[in-house]
Amino acid sequence: MTGPAAPAGEYAVVVPTLGRPSLAACLRALAESEGPRPARVVLVDDRRDPAVPLTASVPPALRSRTVVARGGARGPAAARNAGWRAAGDAPWIVFLDDDVVPGPTWADDLALDLAGASVATAGITARVEVPLPVDRAPTDWERNVAGLAEARWITADMAYRRKALQAVGGFDERFRRAFREDADLALRVLDAGWTLAEGRRTTTHPVRPADRWVSVRLQAGNADDVLMTRLHGRDWWRRAGAPRGRLPLHLAVTSAGLAAAVTALAGRPRAATACAAGWLAGTAEFALARILPGPRTRDEIVTMVLTSALVPPAAAWHWLYGQARHRATPAHRHRAVPPSPSAAAPAGERMPT
């Protein structure tokens with residue numbers, strides 16, 4: 001015998017985390033937000049060695065409704081799956097990153113978002129704000145994070161209907177980084193006949209500190225882009241509203257550098273000089289494109305010069321790795337449409353403001 005169904009506007013919050021200090025600020029803002037509180041808060045501990053309990057970061061107002069699930073250190077997609085499956089029977093699951101800060105009226109605004117959803121609405125995104133310095137131009141890293149404010153369907157703050165998650169099987173756990181797993185889920189949800197909406201609630205995503213080499217490490221996402229192409233076809237960029245980036249230029253610059261080395265070893269100085277000139281020109285153009293919009297401090301310029309030489313080969317390497325790893329991955333197959341066709345609204349509907 002089953003118990004009574006959960007109220008239609010009831011929600012659970014899932015926060016995958018590596019135990020970063022920002023988790024406490026996220027949960028404190030959630031607890032202090034005006035409006036109905038979540039039925040359950042699931043902290044998914046995705047650390048390899050969870051030495052310090054996460055419950056120390058939970059404010060008193062949320063402790064009675066907070067549970068901790070193990071993520072197994074398999075990445076954010078797997079962690080979110082573990083979280084929503086441990087979230088009870090709440091009809092809505094709100095995914096938050098552990099480095100965001102929900103706004104002071106977040107819970108009230110979320111309630112309005114959920115109340116305005118049609119039966120065909122699978123997910124409702126938040127308005128993400130990225131605070132940038134007001135006294136100087138933003139750095140390359142700050143501009144990168146600021147792009148989250150324009151991204152579609154990012155799970156920094158995204159509410160999904162439980163039925164929609166069940167219909168498509170949740171997140172694809174082959175995405176091991178916090179990159180593209182949200183776009184993949186959104187495209188599969190749309191393919192299943194649901195719609196996605198833009199909500200009114202606001203969440204702040206601060207720019208966390210990063211070291212000099214962060215832009216080089218981020219090139220690992222090129223392998224995930226290959227997986228997206230295998231799953232969703234070559235036009236997934238347009239459907240997901242994702243920027244194409246500079247991969248073709250990175251491949252060209254890397255090819256020029258390799259050709260310069262090969263022709264030099266082969267004793268062809270003129271060809272080597274021409275190829276080296278092409279590599280230098282491409283690297284200089286890339287560095288200038290990153291330096292000119294920034295603060296142009298000595299440290300930023302040095303960082304841009306060094307990483308502009310390393311980013312193209314890193315991007316090429318990860319792209320080739322993705323081609324090899326995902327060469328046999330079959331395309332995603334559309335599933336049957338779960339919501340009532342008569343209730344469907346246009347994809348990408350915007351919630352009333």
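All residue numbers in this chain count up from 1 along the given sequence. Computation of the quantities below employed the complete heavy-atom set of this structure, encompassing side-chain atoms and omitting hydrogens, waters and symmetry-equivalent molecules.
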In terms of heavy-atom contacts, C275 and A259 come closest through SG-CB, 3.6 Å
Of all heavy-atom pairs between G278 and A256, which one has the smallest distance, and what is that distance?
-> C-CB, 4.2 Å
Under-4.0 Å salt bridge between R80 and E181 = yes
If you measure from CZ on R85 to CD on Q166, what distance do you get to the nearest 0.5 Å?
-> 9.0 Å
Taking a hydrophobic cluster as the set of Ile, Leu, Val, Met, Phe, Trp and Tyr residues connected by side-chain heavy atoms closer than 4.5 Å, whether directly or through intermediates, do L247 and F175 fall within one such cluster?
-> no
Report the C-alpha separation of D113 and R201 in whole Å, then their side-chain angles, then the decisive distance to 0.1 Å, and conclude whether the salt bridge (charged side-chain N to carboxylate O under 4.0 Å, His left out) test is met.
-> CA-CA 8 Å; D113 288 347; R201 67 192 187 280; 2.9 Å; yes
Single-linkage hydrophobic cluster, 4.5 Å side-chain cutoff, L165 and M158 together = yes
Please answer whether the main-chain N or O of A39 pairs with a side-chain N or O of R65 as donor and acceptor at a distance below 3.5 Å.
-> no
Atom pair SG/CG of C26 and D157 - distance to nearest 0.5 Å | 9.0 Å
Do you know the tightest heavy-atom contact between A220 and R177?
-> O-NH2, 3.1 Å
Is R161 reaching over with its side chain to a backbone N or O of T121, donor-acceptor style, under 3.5 angstrom?
-> yes
Between the side chain of R296 and the main-chain N/O of L292, is any donor-acceptor distance below 3.5 Å?
-> yes
Among residues two or more places apart or on two chains, list those pairs meeting salt bridge (Lys or Arg N to Asp or Glu O under 4.0 Å) that have a residue in residues 14-38.
-> R20-D98, R20-D99
Among H326, H332, Q323, the one residue meeting side-chain hydrogen bond (donor to acceptor under 3.5 Å, both in side chains) with R230 = Q323
Indicate whether any N or O donor in one side chain lies under 3.5 Å from an N or O acceptor in the other, for D225 and W237.
-> no
How would you list, by chain and number, every residue that makes a side chain to side chain contact (heavy atoms under 4.5 Å, CB included) with A151, sequence neighbours excluded?
-> I154
Kindly indicate whether the side chain of V14, heavy atoms from C-beta on, has any atom under 4.5 Å from the side chain of V44.
-> yes
Hydrophobic cluster membership, L185 vs L196, 4.5 Å side-chain cutoff = yes
Answer with yes or no whether the hydrophobic clustering places V145 together with V100; edges join I, L, V, M, F, W, Y residues whose side-chain heavy atoms lie under 4.5 Å apart.
-> no
Does a sphere of radius 6.0 Å around CZ in R217 hold more than 12 heavy atoms from other residues, nucleotides or ligands, not counting ones at 6.0 Å or beyond?
-> yes
W84 side chain reached by R162 side chain, heavy atoms, under 4.5 Å | yes
In terms of hydrophobic clusters joined by side-chain contacts under 4.5 Å, are W141 and V130 together?
-> yes
Heavy atoms, side chains only, cut-off 4.5 Å: are V13 and V15 in contact?
-> yes
Does any non-hydrogen side-chain atom of I124 lie less than 4.5 Å from one of E198?
-> no
In plain terms, say whether D46 and R74 are close enough for a salt bridge, that is, a side-chain N and a carboxylate O under 4.0 Å apart.
-> no
Does V207 reach the side chain of P131, with side-chain heavy atoms less than 4.5 Å apart?
-> no
Does the pair W236 and T229 meet the rule for a side chain to side chain donor-acceptor pair (under 3.5 Å), with working shown?
-> CA-CA 7 Å; W236 74 265; T229 300; 3.1 Å; yes
Could you pull out every donor-acceptor pair under 3.5 Å between side chains of residues 300-322 and any protein atom, sequence neighbours left out?
unit_1: E300; atom_1: OE2; unit_2: D140; atom_2: N; d: 3.0
unit_1: T303; atom_1: OG1; unit_2: R212; atom_2: NE; d: 2.8
unit_1: T303; atom_1: OG1; unit_2: D299; atom_2: O; d: 2.9
unit_1: T307; atom_1: OG1; unit_2: R290; atom_2: NH1; d: 2.9
unit_1: T307; atom_1: OG1; unit_2: R290; atom_2: NH2; d: 3.3
unit_1: T307; atom_1: OG1; unit_2: T303; atom_2: O; d: 2.7
unit_1: S308; atom_1: OG; unit_2: R290; atom_2: NH1; d: 2.9
unit_1: S308; atom_1: OG; unit_2: M304; atom_2: O; d: 2.5
unit_1: Y321; atom_1: OH; unit_2: R325; atom_2: NH1; d: 2.9

Within-4.5 Å side-chain heavy-atom neighbours: L54 and T17 | yes
Just wondering, do R40 and V67 contact through their side chains at under 4.5 Å, heavy atoms?
-> yes
With V58 via side chain to side chain contact (heavy atoms under 4.5 Å, CB included) - residues at least two apart = L27, L43, L62, R63, T66
Qualifying residue, where the test is ring-ring contact (aromatic ring centres under 6.0 Å, His included) with F95 and the options are Y11, F171, W153 = F171
Once you round to the nearest 0.5 Å, how far does CZ of R152 lie from CG of L187?
-> 8.5 Å
N222 (side chain) donor-acceptor with Q219 (main chain) under 3.5 angstrom | yes
Which atom names give the shortest non-hydrogen contact between T263 and A271, and what distance separates them?
-> OG1-C, 3.8 Å
Beyond-backbone contact of V41 with L30, side-chain heavy atoms, under 4.5 angstrom | yes
In Å and rounded to the nearest 0.5 Å, what is the CG to CG distance from L23 to D97?
-> 11.0 Å
Heavy-atom nearest pair, A260 first then A276, reads CB-N, 3.6 Å
Restricting to pairs with a member in residues 264-292, which pass ring-ring contact (aromatic ring centres under 6.0 Å, His included), not counting sequence neighbours?
-> H250-F286
Would a distance-only check, ignoring hydrogens and angles, find a side-chain to backbone donor-acceptor pair under 3.5 Å from T254 to L251?
-> no
About how many Å separate OG1 of T125 and CG of D182, when rounded to the nearest 0.5 Å?
-> 9.0 Å
For residues 242-263, which residue pairs qualify under salt bridge (Lys or Arg N to Asp or Glu O under 4.0 Å), counting only residues two or more places apart or in two chains?
-> R246-E285
Is any side-chain N of the basic residue among R136 and E142 closer than 4.0 Å to the acidic one's carboxylate O?
-> yes
Salt-bridge present (R188, D184; N to O < 4.0 Å) = yes
What distance do D45 atom CG and L18 atom CG have between them, rounded to the nearest 0.5 Å?
-> 8.5 Å
